[in-house]
Each structure stands twice: as structure tokens, then as C-alpha cells.
Amino acid sequence: MSVPVRYRLVGLLTVGSMINFIDRVNISVAAPVMMPALGYDEARFGLIFSAFLAGYTLFQFPGGAIADRWSPKKVVALSCLGFSLFTALTPLAGVAFLSMLAIRFCVGIFESVSFPAYASINARWIPRREYSRAQTISLSGSYLGQVLAYPLTTWLVLHLSWRWSFYFNALMGLLWVIVWYYFATDQPRQHPKITRQELAEIEETRAARSSEPISPWIVLKSPPVLFLSLSYLFLLYGVWMLILWLPTYLVKGRGFSLQQMGWIGMIPTVMSFAGLVSGGVLSDLLLRRGFSTRFARAQAPALCIIVGVPFLVAAVLVPSSTLSVACFAIYLFAITLSTGGFWAVPLELSPKLVGAISGVMTCAGNLGGVFGPLSAGYLYRSYGSWPLPFLVAAAFAAVAFAIFFFLVVPEPLLSESAIIEPEREERAA
């Protein structure tokens, strides 16, 4: 029995998100070798990291809006092609600092488009009752990429050169683009290998799309979108703080050795991967079991956040270092369970603008990701307390829960009179 085409499409997106993340982090792994080779100090490399993040944050919304209005297949392909080419140019840009900043800014721009575009093409291909887990599985490759990036980049740097780590990663991206462009289509009806049975299942059960032209700018003044984005900002404030500061806390705050921290540091990645995939399954399961859209897509995922908050508090207050690590792991699993809801709400608000809405949400989340690590360093320097930054993150997670649970209402942005069945829309087009 052949695997449904939509499942193969999601599998290909998972590989794409893995390559996306490897290209994103390989420079941080190669940095200790690159800095003396290029004559850059830590301050300059900090600017290089920030240049990527600036491009990555600023173009989330435009990228999603373009995918909604144009061709998500082509947008995904151009995104991977773009960041692969600029990754390959990174070693050549090392001769001039400003050119390095420009190249890494462009890598950020092209990578920023990927995940909102994934949401846009999944909205066209995936039945509504499967959408949350399809989207989270598509994004789960980012954690697989994190696991592979460190040993792969280290091996390339040690056995070839730091430049080859960029060339190899760029080559993987270019090969993926070829496979993607050959296999993917914007609509299920356009795919030559889809069966009539699968096509009927998709078209009868996917979220209906508006029959009217919709400006993507409507999402910027929509209260549900703004509340969703604000909740995501508060949540990712703490998530990024943990990702970047947890290794330092384990060594300096809990007394683990560097070798021990290296093994323990895998735990957050594994638990986050498990939570991400499980969260998508949970949201879809609740929807299929007859729970309301608001509970399945917003309130149940929000409850996962608040369940995790006490474990973050306990992680920095319990005397046992082993128990502390266990509490961190449970917290990360709980809050990533909510991710399925965050990525499913845009579909419920507007299937035609799912990329734009996802782009606004991820832009806000990345802004939180900028301030979280910065404030953690400032709080520790000012007060000399390791628990304090994590307790602030716990408070922010509680705020994210309150906004998501009480204020996010995943109802269509347009009236029902503007909604028609998707197959009617395609035939009219």
C-alpha cells in the first residue's frame, strides 16, 4: 500500500526544516575556528549573529504573505535556494566585515520565509483534522537539524576546513530544492500521483477558503492575530533564554562539568522534539473527538503552558542538580506541547492568509527571543542570582498562558458568507 502523497510532502518539508536549521547554526559551531582565521573578535561575531537574526525576524510576515498570494511551492523553493546560495558565499565574504554582515543578513531573509510558507502549503494540502500534527512534524526537522549540525559541522571543520562546512550545507540545500521542485505542487489536484480517493478526502475535509480577495494587511489589525502573536512573544522569551543560557547555568549554577553538560544538553532537544510532535497530535485528536475549536486549538495548548510553569520554578529552586535537570526537561516538553495550537490557530482564522498570520506570529516570537537572552545576562550581572532570570521566564510563560487561554479566539476573520468550498474556488479560478 503506497504512502499518501500528502504524507510524503510533509516528510519532504521535515527534511527541508532540518537543512534550514543546519544552515542556520553551522556558523556558531565553526565560529571558534573562523574568528582567528578571519581576524574577528567576539564582538564582531556577535554582530554577525545579530545580522542573521535581523533578517530572519523582519521578513517573516512579508514571506508568509507572498506565499499566500503567489505560489507556496515556489516560495519554499526560492527560500531554500536563496539561503543555500548565501551560505555558500559566506566563506568568500570573510575578506570584508561589511560583506559578511550583508551575506548573513540575506541568509536570515531567505530562511525567514520557509516556515510561514510551510504553513501556507500545508493549508492547501492537509485536511483540517490533520493540520496541526502535519505542521509540527514539518517543523520538527529543526530539532533533528540541531542534533546533526554539531557533529557534522565539527567533522567537516576538523577533517576538511571551516569553509567546507558551508559548501557542504549549501550543496544539501540545492539538492533538496531539486527534489522539492520535482515532487511538490501548489494544489493536490495538480499532483500527477495523487489518487482520486486521497484527493476527495483532502478537498472534502480541508479548511474552506474565502472566495473574496483578502489583503494580508488585515492581519496586522486583527485582535485574534495580535493576541496570538503577543502570547507567542512572551512564551519564546523564555524558550530562547533556556536554549542559550541553560548550558551555562548547568555548569556555573549547578556544578556540572563541561563533559557532563554536553550529554545533559541533549535532553532539552529531545524533549522539545517530543513535545512539538505530540502537541500537534493532541490538538488534532481533541478536534476529532468533538471538542470545540477554541479548546482544541487554543485553550488545551494554553493549559500545557501553565502545567509546565511550576516545573521551571522548581528547576532553579530544588537543591538536587539531577532533579533540576528533570524539571527543566518536563517544562520544555510541556510548553512545546502548546506549539501545535499556536501553528493551528492561523488556519482557523483564515486558510487564505495562514502564511501571513504565521509570519506575524513568528516575527513576534523572534522578538521575544532577542530580549530573553539579553535580559537574562543583564539580570545575572545586576543581581548575581542564577534563579532570577528563570523565574522571570516562568512569569512570562504564565502571561503567555493567560493571553492564549482567555483572549485568543480562533474564529474566521471573515463572515461565513465569504467562505465557499475549496473545490468550487479552484474550478472558478
Side-chain angles (χ1 to χ4, degrees), residues 9-10 12-14 16-21 23-24 52-83 106-126 131-132 134-142 145 173 177 180 184 186 207 209 214-220 222 224-226 228-233 235-236 276 280 297 339-369 410 413:
L9 183 82
V10 169
L12 196 53
L13 289 174
T14 305
S17 66
M18 180 181 70
I19 294 172
N20 181 300
F21 203 87
D23 271 13
R24 184 183 312 181
F52 166 85
L53 190 60
Y56 187 76
T57 300
L58 293 174
F59 285 85
Q60 298 270 350
F61 168 65
I66 292 170
D68 289 334
R69 295 177 70 87
W70 187 37
S71 161
K73 169 190 171 178
K74 293 178 181 177
V75 171
V76 169
L78 286 175
S79 169
C80 188
L81 179 64
F83 71 69
C106 290
V107 173
I109 290 175
F110 281 98
E111 288 204 3
S112 72
V113 176
S114 295
F115 292 170
Y118 285 14
S120 185
I121 198 164
N122 277 335
R124 304 181 185 208
W125 265 91
I126 305 298
Y131 179 81
S132 183
Q135 184 65 14
T136 53
I137 291 172
S138 298
L139 302 180
S140 68
S142 60
V177 169
W180 169 260
D186 286 319
R209 296 166 64 86
I214 313 173
S215 169
W217 297 106
I218 191 176
V219 305
L220 296 178
S222 166
V225 175
L226 298 179
L228 177 72
S229 302
L230 187 61
S231 178
Y232 205 53
L233 184 151
L235 183 66
L236 261 64
L276 177 65
R297 299 310 202 196
T339 308
F342 277 106
W343 281 97
V345 167
L347 181 76
E348 305 298 339
L349 294 176
S350 175
K352 203 166 188 176
L353 295 176
V354 65
I357 297 170
S358 299
V360 173
M361 180 187 75
T362 52
C363 177
N366 281 290
L367 288 175
L413 298 180

Tell me the closest heavy-atom pair linking [X] and [Y], and the distance in Å.
X: V360; Y: S229; result: CG1-OG, 3.4 Å
X: L347; Y: A123; result: CD1-CB, 3.6 Å
X: L349; Y: P410; result: CD2-CA, 3.9 Å
X: V354; Y: S358; result: O-OG, 2.7 Å
X: P72; Y: I121; result: CB-CB, 3.8 Å
X: F59; Y: S112; result: CB-OG, 3.3 Å

Flag, side chain of [X] to backbone of [Y], donor-acceptor distance under 3.5 Å:
X: S132; Y: A344; value: no
X: N366; Y: T362; value: yes
X: Y118; Y: S17; value: yes
X: S222; Y: I218; value: no
X: T57; Y: A54; value: no
X: S79; Y: F110; value: yes

Does the side chain of [X] reach to within under 4.5 Å of the side chain of [Y], using non-hydrogen atoms?
X: I357; Y: P224; result: no
X: L236; Y: F342; result: no
X: V225; Y: L353; result: no

Approximate separation, where rounding is to 0.5 Å, of [X] [atom1] and [Y] [atom2]:
X: F115; Y: L13; atom1: CZ; atom2: CG; value: 10.0 Å
X: I19; Y: E111; atom1: CD1; atom2: CD; value: 11.0 Å
X: L367; Y: L230; atom1: CG; atom2: CG; value: 11.0 Å
X: L233; Y: L226; atom1: CG; atom2: CG; value: 12.0 Å
X: D186; Y: S71; atom1: CG; atom2: OG; value: 3.0 Å
X: M18; Y: D23; atom1: CE; atom2: CG; value: 10.5 Å

side-chain contact (heavy atoms from CB on, under 4.5 Å) partners for W70, two or more places apart: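 Checked W70 against side-chain contact (heavy atoms from CB on, under 4.5 Å); matches are I66, K74, V75, L78.
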
Residues forming a side-chain contact (heavy atoms from CB on, under 4.5 Å) with V10, sequence neighbours excluded: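 For V10, the residues satisfying side-chain contact (heavy atoms from CB on, under 4.5 Å) (neighbours in sequence not counted) are T14, N122, I126, A134, I137, S138.
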
Centroid-centroid under 6.0 Å between Y232 and W343 rings: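 No, too far apart.
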
Residues that E348 engages under salt bridge (Lys or Arg N to Asp or Glu O under 4.0 Å), provided they are two or more places apart: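 Expected list: R128, R297.
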
